[in-house]
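Everything numeric in this text was worked out from a predicted model, so none of it was measured.
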Amino acid sequence: QDTVRNNYIGVGPDGSGSFGGNAGIEILQSRENIIGGEKSKDRNIVSGNLKGSGILVKGDSARYNKIQGNFIGMNKDGSEAIPNKYGINIFDADSNFIGGSTGTEGRSPGNLISGNQTGIELFSDSLKQPGTYQNKILGNIIGAAYSGKDSLKNSHQNGIVEYGFVKNNYIGDGNPKDGNLISGNYTGVLLYGVLCTENYIYGNYVGTDIEGFSPLSNAFGIVADNSA
C-alpha cells in the first residue's frame, strides 16, 4: 500500500499554471493505494495533464484503491480550470473508491473534479469479464467550482462516462451523504454501449447547485446511448 498526499502534480509551486504531461498519477496493477485522504490537508492538486489522465487506475489487479479529497483539473483554490484530458480514468479495474461519505459534496473525502475535458471515465475494451465493475463514485463535485454554485465544466463532453464492458458501478448509493453534485457539464452522465449495463445512479444532484434549489444546468443530465 502506497499513499500520495499533499502534492502539486502538473501545476507550479503556487498551485497554478499547467506543467503536466501524459499522466499525473498512474496506478497500474496495484491495490489498496490511497491518493489524498479524508482531511483537507491530505489534498493533492492533480491538473494540467492534457495528453492523458490526472489519475489512471488500470488493470484487473488494481483494486480497493481510494481517491479522496483531491482537486483534479483545478488550481489550488478550486476556482480556475487547469484541465487534464481525463480527470480520473478507471480502465479494466474493479472495486475502487472515488470520494466517500461526506455531509457536503466535494468536501473531503469527496473530490473536486472539474475543468477537465472529461471528468471521470470508466472504460473497458474487453469483450469478456471482468471488465470494469463495482467501482463507487461518492460525494464528489463534478463540473462545478468548489463553491458548488458556479460552473467550471468538464469541457469536452461529459462529467462521467461509462463505456465498454462496464457494469455494477455506483454513482451515489442512495445515502444522503454519498451523493455527487454533477452540474455545469455538457452531459452530466453518459452510459454508452450494449455492454454497459446494470450500473446504478442514486441520490445525486444533477443540474442544480450544491443546495439543490438553483439551476446549474448540464445540457443533458443523464443519457443512455447505443443500447446501454
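Side-chain atoms of Asn111 come within 3.5 Å of backbone N or O of Gly69 as a donor-acceptor pair. Side-chain N or O atoms of Arg5 include one that pairs as donor or acceptor with a backbone N or O of Gly36 at under 3.5 Å. At least one donor-acceptor pair closer than 3.5 Å links the side chain of Ser151 to the backbone N or O of Gly184. Judged purely by atom type and a 3.5 angstrom limit, Ser47 has no side-chain atom pairing as donor or acceptor with the backbone of Gly10. For Asn180 (side chain) and Asn140 (main-chain N/O), a donor-acceptor pair under 3.5 Å exists by modelled atom type. Looking at Gln29, its side chain does come within 3.5 Å of a backbone N or O of Ser61 through a donor-acceptor pair. Formation of a donor-acceptor pair under 3.5 Å by the Asp178 side chain with backbone atoms of Asp173 is not found in this model. Without hydrogens or angle criteria, Asp125 side chain to Gly164 main chain gives no donor-acceptor distance under 3.5 Å. Counting only distance, with no hydrogens or angles, the side chain of Gln1 and the backbone of Glu32 share a donor-acceptor pair below 3.5 Å.
Summarising the geometry, atom OG1 belonging to Thr118 is positioned 12.0 Å from atom CD1 belonging to Ile113; distances are rounded to the nearest 0.5 Å. Between Leu190 atom CG and Ile160 atom CD1 the span is 11.0 Å, to the nearest 0.5 Å. Atom CD1 in Ile55 sits 11.5 Å away from atom CD in Glu26 (nearest 0.5 Å). We find the CD-OH distance between Glu162 and Tyr133 to be 15.0 Å, quoted to the nearest 0.5 Å.
Val223 pairs with exactly one of Val161, Thr187, Leu191 by the side-chain contact (heavy atoms from CB on, under 4.5 Å) rule, that one being Thr187. When each of Ile45, Val11, Asn116, Ile72 is checked for a side-chain contact (heavy atoms from CB on, under 4.5 Å) with Ile82, only Val11 meets the rule.
Side-chain contact between Ile35 and Asn70: present, with at least one pair of heavy atoms (C-beta onward) separated by less than 4.5 Å. Between Gln117 and Leu50 the shortest side-chain heavy-atom distance falls below 4.5 Å. Using a 4.5 Å cut-off on side-chain heavy atoms (C-beta onward), Ile210 and Ser147 make no contact. You'll find the side chain of Thr208 stays beyond 4.5 Å of the side chain of Leu216, heavy atoms only. With a 4.5 Å cut-off on side-chain heavy atoms, Asn218 and Val206 count as touching. For the pair Ile88 and Ile137, the minimum side-chain heavy-atom distance is 4.5 Å or more. Residues Arg43 and Lys76 are not in side-chain contact: their nearest non-hydrogen atoms beyond the backbone lie 4.5 Å or more apart.
Nearest approach of Tyr146 to Asp77, heavy atoms of both residues: CB-O, 4.3 Å. Summarising the geometry of Asn185 relative to Ile142, their closest heavy-atom pair is ND2-O, 3.1 Å, with the distance given to 0.1 Å. Here the closest non-hydrogen pair linking Ser108 and Gly37 is CB-O, 4.2 Å. Here the closest heavy-atom approach between residue Gly143 and residue Ser114 is recorded as N-OG, 2.8 Å. In terms of heavy-atom proximity, Glu198 sits nearest to Lys167 at OE2-NZ, 4.0 Å. Taking both residues in full, the closest heavy atoms of Gly12 and Phe19 are given as N-CD1, 3.3 Å, listed atom of the first, atom of the second, then distance.
Under a hydrophobic-cluster definition in which Ile, Leu, Val, Met, Phe, Trp and Tyr are linked whenever side-chain heavy atoms come within less than 4.5 Å, directly or via other members, Val194 and Phe165 are assigned to the same cluster. Two different hydrophobic clusters hold Val57 and Tyr86 under the rule that ILVMFWY side chains link at heavy-atom gaps under 4.5 Å.
The number of heavy atoms from other shown groups lying within 6.0 Å of CZ (Phe220) does not exceed 12. Atom OH of Tyr163 is surrounded by 12 or fewer heavy atoms from other residues, nucleotides or ligands within 6.0 Å.
Checked against side-chain hydrogen bond (donor to acceptor under 3.5 Å, both in side chains), Thr102 has no partners two or more places apart in sequence or in another chain. The side-chain hydrogen bond (donor to acceptor under 3.5 Å, both in side chains) test applied to Asn135 returns Asn96, Asn169, not counting sequence neighbours. Looking at residues two or more places apart in sequence or on another chain, you find a side-chain hydrogen bond (donor to acceptor under 3.5 Å, both in side chains) between Asn7 and Asn44. Residues passing the salt bridge (Lys or Arg N to Asp or Glu O under 4.0 Å) test with Asp94 are Arg63, sequence neighbours excluded.
Contacts classified as side-chain hydrogen bond (donor to acceptor under 3.5 Å, both in side chains) and involving residues 49-60 (residues at least two apart or in different chains) are given here: Asn49-Asn84.
Cluster note: Tyr202 groups with Tyr170, Tyr200 through ILVMFWY side-chain heavy atoms spaced under 4.5 Å, whether in direct contact or through intervening members.
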